[in-house]
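Reading through the structure tokens given below for one structure.
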Amino acid sequence: RPDRPELRPAYQGSNPISDVWALASLRMIATNFERSVAGDARAREAMALASTYAGIGFGNAGVHLPHGMSYPISGLCKSLPAVAAAA
């Protein structure tokens with residue numbers, strides 16, 4: 001364990017806590033996805049909660065950092081390479 005918080009790695013990766021949140025989210029999605037698409041309000045509520053659970057798992061694993069940093073980096077790209085090559 002690092003002596004000071006600033007010495008901790010920003011990315012911790014998969015760990016038991018993030019796995020619990022991810023598994024709970026996947027179970028909720030498996031149970032409610034089809035019904036939510038069909039318009040079941042309770043299933044839609046469960047899908048919203050599953051999304052929150054997944055976000056907690058992401059945050060706990062540390063993968064939220066590179067995901068969040070990708071937005072400003074992507075904003076620097078003014079054209080997509082495939083589109084530019086086709087032009």
Side-chain angles (χ1 to χ4, degrees):
R1 184 174 188 165
D3 294 332
R4 298 186 320 271
E6 65 268 15
L7 298 177
R8 284 189 335 206
Y11 173 76
Q12 148 177 344
S14 179
N15 63 75
I17 301 299
S18 65
D19 291 349
V20 165
W21 288 105
L23 260 170
S25 175
L26 288 170
R27 287 184 180 128
M28 293 173 80
I29 292 167
T31 304
N32 295 287
F33 183 76
E34 288 183 16
R35 290 192 349 256
S36 71
V37 172
D40 183 326
R42 290 211 184 262
R44 288 183 179 207
E45 288 175 13
M47 291 293 288
L49 186 57
S51 174
T52 301
Y53 283 12
I56 293 169
F58 268 43
N60 192 277
V63 297
H64 62 294
L65 295 173
H67 182 80
M69 289 186 295
S70 72
Y71 293 111
I73 293 169
S74 297
L76 297 174
C77 180
K78 301 304 177 198
S79 68
L80 296 173
V83 173

Residue list, side-chain hydrogen bond (donor to acceptor under 3.5 Å, both in side chains) with Arg35, at least two apart or on another chain: Asn32, Asp40
Would you mind writing out the side-chain donor-acceptor pairs for residues 20-30 within the sub-3.5 Å range, not counting sequence neighbours?
unit_1: Ser25; atom_1: OG; unit_2: Ala50; atom_2: O; d: 2.9

Does CD1 in Ile17 sit with more than 12 non-hydrogen atoms of other residues, nucleotides or ligands closer than 6.0 Å? no
Tightest non-hydrogen contact, residues Arg44 and Ser36, listed as NE-O, 3.0 Å
